[in-house]
Amino acid sequence: MSEEAATVAQIDLALVDDCIERFFAVSSARARRFGRPSEELWRVLRRASMGGKRFRPRMVLTAYAGLGGTDAHAAANVAAAYELLHTALVVHDDVIDRDWSRRGEPNVAGSFRDTGTTGGLALPTAEHRGVSAAVIAGDLALVAAARFVEASGVVDDRRARLLEILDDAVFASAAGEMTDVDLALGVMPSVDEVLAMERAKTSVYSFEAPLQSGAVLAGADESVVAALGAFGREIGIAYQIVDDLLGVYGDETVTGKSVLGDLREGKRTMLIAYAATTDCWDDIAPYLGDPDLGEDRAAELRATLETCGAKAAAESRIAEHAALARAELAALPYELAERLEHLVSELLERVR
């Protein structure tokens with residue numbers, strides 16, 4: 001991306017942050033009418049929405065700017081919709097996973113649990129308070145996503161199409177989340193089942209829908225919208241495999257993610273689904289999902305995953321889906337295709 005394009009992107013993201021900040025300022029003022037619990041809820045939810053990479057808004061803005069869009073107000077609000085959708089889904093996902101922290105800090109549920117115990121509540125009661133607050137907060141963020149589309153000022157068919165894409169993203173993510181819950185409880189899924197789940201749960205709302213929304217907002221033909229959806233699908237699947245690889249083999253100082261967490265959880269990733277089909281599985285299964293797994297045993301598991309071909313298979317699938325994503329670029333205008341090519345190259349660089 002050129003220096004000029006990068007500068008424009010930064011300005012656009014600043015507008016997205018302004019939209020989100022105004023939303024929370026207004027909501028916090030409204031919350032005062034209902035008392036301290038409501039004020040605390042909005043304060044914690046605001047904190048949960050801050051500090052991210054704004055990845056999904058970047059996808060909206062990349063498509064919009066690459067297709068010649070010029071309405072900064074509309075673009076910033078539609079981009080903000082996907083950031084609040086991300087906040088909602090993350091808050092609910094933490095509840096489902098029974099997590100009390102995110103990035104080393106208390107998440108929404110953890111914050112309300114901790115203030116509960118500090119206030120003298122017994123731990124089970126405080127945990128119930130935390131989970132309840134997180135469910136409510138996630139619901140509020142989910143509704144906010146649609147409100148941002150409304151606030152964009154877009155009308156008629158274009159507005160209806162944007163809401164349809166957003167609704168499809170929520171629908172797919174819910175289906176993927178439920179599948180993820182069931183896959184963790186049943187027999188080991190196949191590689192394709194894992195990737196289908198990850199695509200529905202995360203890739204649709206992270207790549208496909210934001211890119212398509214940017215295109216619709218810019219007034220692009222449906223052929224371009226469809227090509228961006230196909231690009232988003234393939235690059236989203238590749239991104240999820242990269243994320244799973246980095247969850248086991250990554251550099252924690254770079255990714256900010258523990259390389260023990262997925263193994264201790266026994267997370268059903270492509271790596272694990274592939275390994276389960278090999279003769280090495282008996283050397284992996286007894287230790288997978290051990291919450292006390294140490295670094296020495298984890299190093300042995302990493303070596304075994306490499307020996308059985310799981311790591312190489314994951315890298316091969318990344319390259320395959322990246323190539324499929326690049327094939328879709330031929331249907332897009334040159335400037336947008338160039339920006340998205342940069343995204344593919346950036347993704348592949350993460351696993352080198």
Side-chain angles (χ1 to χ4, degrees), residues 89-90 92-99 168-209 230 232-250 255 257-291 293 297-298 300-325 347 350-351:
L89 297 177
V90 164
H92 283 161
D93 191 56
D94 282 349
V95 171
I96 292 167
D97 291 343
R98 303 175 187 176
D99 287 333
D168 285 345
V170 175
F171 201 92
S173 187
E177 187 74 79
M178 193 64 239
T179 301
D180 192 18
V181 170
D182 276 1
L183 290 183
L185 301 174
V187 298
M188 180 62 66
S190 68
V191 167
D192 287 340
E193 286 173 328
V194 169
L195 296 183
M197 175 275 293
E198 291 185 335
R199 182 234 164 183
K201 179 181 173 180
T202 304
S203 298
V204 174
Y205 91 87
S206 297
F207 291 90
E208 297 172 46
R233 179 184 66 245
E234 300 301 337
I235 200 64
I237 293 171
Y239 191 93
Q240 288 303 122
I241 302 172
V242 168
D243 201 48
D244 289 341
L245 264 179
L246 295 179
V248 175
Y249 293 99
T255 66
K257 179 178 179 179
S258 168
V259 292
L260 292 175
D262 286 357
L263 296 173
R264 285 174 173 171
E265 180 187 336
K267 186 176 179 182
R268 305 292 180 86
T269 65
M270 180 190 163
L271 280 170
I272 300 306
Y274 182 94
T277 67
T278 71
D279 294 338
C280 298
W281 183 239
D282 288 344
D283 297 324
I284 296 172
Y287 308 105
L288 194 66
D290 177 3
L293 183 74
R297 181 66 70 183
E300 293 176 10
L301 289 179
R302 292 187 198 104
T304 304
L305 287 169
E306 193 161 356
T307 300
C308 77
K311 185 171 184 283
E315 291 169 340
S316 177
R317 287 295 290 263
I318 291 168
E320 175 187 334
H321 288 287
L324 290 170
L347 174 71
R350 292 178 69 202
V351 291

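Between R302 and E306, none of the side-chain N atoms (NZ, or NE/NH1/NH2) sits under 4.0 Å from a carboxylate O, so this pair counts as no salt bridge. Ion pairing between R317 and D192 holds under the 4.0 Å rule for side-chain N and carboxylate O. A salt bridge is defined here as a Lys NZ or Arg NE, NH1 or NH2 lying under 4.0 Å from an Asp or Glu carboxylate O, and K201 with E198 fails to meet this definition.
The backbone N or O of A273 sits nowhere less than 3.5 Å from a side-chain atom of R268 that would complete a donor-acceptor pair. Here the side chain of T307 pairs a donor or acceptor atom with the backbone of A303 at under 3.5 angstrom. With hydrogens and angles disregarded, no donor-acceptor distance shorter than 3.5 Å links the side chain of S173 to the backbone of V170. With hydrogens and angles disregarded, a donor-acceptor distance shorter than 3.5 Å links the side chain of T179 to the backbone of A175.
No more than 12 heavy atoms of other residues, nucleotides or ligands sit less than 6.0 Å from atom OH of Y287. Surrounding CG of D279 are at most 12 heavy atoms belonging to other residues, nucleotides or ligands under 6.0 Å away.
We find the CZ-CG distance between R350 and L347 to be 6.5 Å, quoted to the nearest 0.5 Å. With rounding to the nearest 0.5 Å, the separation of CG in L301 from CG in L271 is 11.5 Å. How far CD1 of I318 is from CG of D243: 10.0 Å, rounded to the nearest 0.5 Å. Residue F207 holds its CZ atom at 10.5 Å from CD1 of I237, rounded to the nearest 0.5 Å. From D290, atom CG reaches atom CD of E265 across 13.0 Å, with rounding to the nearest 0.5 Å. Considering CD1 of I235 and OG of S206, their distance stands at 12.5 Å, rounded to 0.5 Å.
The nearest pair of heavy atoms linking D244 to M270 is OD2-N, 4.0 Å. Of all the heavy atoms in C280 and C308, the pair that sits closest is SG-CB, 3.3 Å. The two atoms that bring V191 and Y274 nearest to each other are CG2-N, 3.7 Å, heavy atoms only. Between A200 and G176, the shortest heavy-atom distance links the atoms CB-CA, 3.9 Å. Across every non-hydrogen atom of L263 and V259, the tightest pair is CD1-O, 4.0 Å. Minimum interatomic distance between A209 and A169 (heavy atoms only, all atoms of both residues): CB-CB, 3.8 Å.
Side-chain contact check for I284 versus L305: some heavy-atom pair is nearer than 4.5 Å.
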| task | Run the numbers on V248 and K311 for side-chain contact (heavy atoms from CB on, under 4.5 Å), then give the verdict. | result | CA-CA 10 Å; V248 175; K311 185 171 184 283; over 6 Å; no

| said: Show, in sequence, the C-alpha distance, side-chain angles and deciding distance for I96 and V181, and conclude whether the side-chain contact (heavy atoms from CB on, under 4.5 Å) test is met. | reply: CA-CA 8 Å; I96 292 167; V181 170; 3.7 Å; yes

| task | Walk me through it: do I272 and W281 pass the test side-chain contact (heavy atoms from CB on, under 4.5 Å)? | result | CA-CA 9 Å; I272 300 306; W281 183 239; 3.8 Å; yes

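When the options E208, H321, Q240 are evaluated for a side chain to side chain donor-acceptor pair (under 3.5 Å) with R199, the one that passes is E208.
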